[in-house]
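Take a look at the structure below.
Residue indices begin at 1 and follow the sequence shown. No experiment lies behind these values; they were computed from the predicted model shown. Hydrogens, waters and symmetry mates are skipped; everything else that's a heavy atom, side chains included, is used.
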Amino acid sequence: MHTDFERGPYDEIFPTPLVAGLEPEAVLRAMVGEETYRAMGPGEHRAFYGEALVYAHQQNLLRALAGEMGDDPDAAALYQAVVEEGRPLSLRPLGMEGLSYTTFAPVLRRMEGDEWQVGLPGVGFCCTTLTGDAPAVLRRAWALYVAWAEAEEGGRAP
């Protein structure tokens, strides 16, 4: 299986958007819950479609890295590249691939077994190792990404 993923400055993979066939209305309902959805006006619904699709992509990215989306060629190729081959994955949110940082490299890479690396040695101040299955590690890596990005934005070393 071969997919030519777009790549970032650390040769990290920018995942193909995993939202094919999804309806923004249905995704928004799942994201905010039925009660909140009903309380919103139609104009408000449309204002959140972009966020809803980013949310759906993130949920599908977790499923793809768990190997649960083998019927989707892009998801299967992503699983092979990141989980099986250990290629680095961008932690930047969908649509924000151009963000750059000086204190860390926003990447996640499988080392061996259930050991994963967030960041890259020698790039900024931040690099750490996490253990666990791919979806659990990705959730923790996203939390580190947010913390490190906020620290850099605030002028603090993470």
Nearest non-hydrogen partners of [X] and [Y], listed with the distance:
X      : Y      : value
Pro135 : Ala66  : CG-CB, 3.5 Å
Ala64  : Met69  : N-SD, 3.9 Å
Leu94  : Pro17  : CD1-CG, 3.9 Å
Trp148 : Cys127 : CH2-N, 4.0 Å
Pro106 : Tyr10  : CD-CE1, 3.9 Å
Ala39  : Glu44  : O-OE1, 4.3 Å

Could you tell me if the ring centre of Tyr101 sits under 6.0 Å from that of Tyr145?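 Ring centroids of Tyr101 and Tyr145 are less than 6.0 Å from each other.
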State, with a plain yes or no, whether a side-chain heavy atom of [X] is found less than 4.5 Å away from one of [Y].
X      : Y      : result
Leu144 : Phe104 : no
Trp142 : Pro93  : no
Leu62  : Leu138 : yes

To the nearest 0.5 Å, what is the distance between [atom1] on [X] and [atom2] on [Y]?
X      : Y      : atom1 : atom2 : answer
Leu120 : Arg109 : CG    : CZ    : 6.5 Å
Leu108 : Leu130 : CG    : CG    : 7.5 Å
Phe5   : Leu89  : CZ    : CG    : 9.0 Å
Met31  : Leu53  : CE    : CG    : 9.5 Å
Met40  : Leu28  : CE    : CG    : 5.0 Å
Trp116 : Arg140 : CH2   : CZ    : 11.5 Å

Looking at residues at least two apart in the chain, or sitting in another chain, which of them share a salt bridge (charged side-chain N to carboxylate O under 4.0 Å, His left out) with Arg110?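 Scan of Arg110 (salt bridge (charged side-chain N to carboxylate O under 4.0 Å, His left out), adjacent residues dropped) gives none.
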Let's go through Arg7 and Ile13 carefully: what are the C-alpha distance in whole Å and the side-chain angles of both, what is the deciding distance for side-chain contact (heavy atoms from CB on, under 4.5 Å) to 0.1 Å, and is it a yes or a no? CA-CA 5 Å; Arg7 302 287 183 138; Ile13 292 171; 3.7 Å; yes
Under 3.5 Å, side chain of [X] to main-chain N/O of [Y], donor-acceptor pair present?
X      : Y      : value
Glu97  : Gly95  : yes
Glu152 : Thr102 : yes
Asp74  : Thr16  : no
Arg92  : Ser100 : no
Glu115 : Gly113 : no

Atom [atom1] of residue position [X] - does it have more than 12 heavy atoms of other residues, nucleotides or ligands inside 6.0 Å?
X      : atom1 : value
Glu6   : CD    : no
Glu112 : CD    : no
Glu23  : CD    : no
Glu84  : CD    : yes

Consider only side-chain heavy atoms of I, L, V, M, F, W and Y, link residues closer than 4.5 Å, and tell whether Met96 and Phe14 are in one cluster.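 They do not share one cluster, since no chain of ILVMFWY contacts under 4.5 Å joins Met96 to Phe14.
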Can you list the steps and then say if Val137 with Asp114 is a side-chain contact (heavy atoms from CB on, under 4.5 Å)? CA-CA 9 Å; Val137 167; Asp114 65 351; over 6 Å; no
Going through the distances and angles, do Val107 and Val123 end up as a side-chain contact (heavy atoms from CB on, under 4.5 Å)? CA-CA 11 Å; Val107 301; Val123 179; over 6 Å; no
Does the pair Leu61 and His57 meet the rule for a side-chain contact (heavy atoms from CB on, under 4.5 Å), with working shown? CA-CA 6 Å; Leu61 186 55; His57 169 74; 4.2 Å; yes
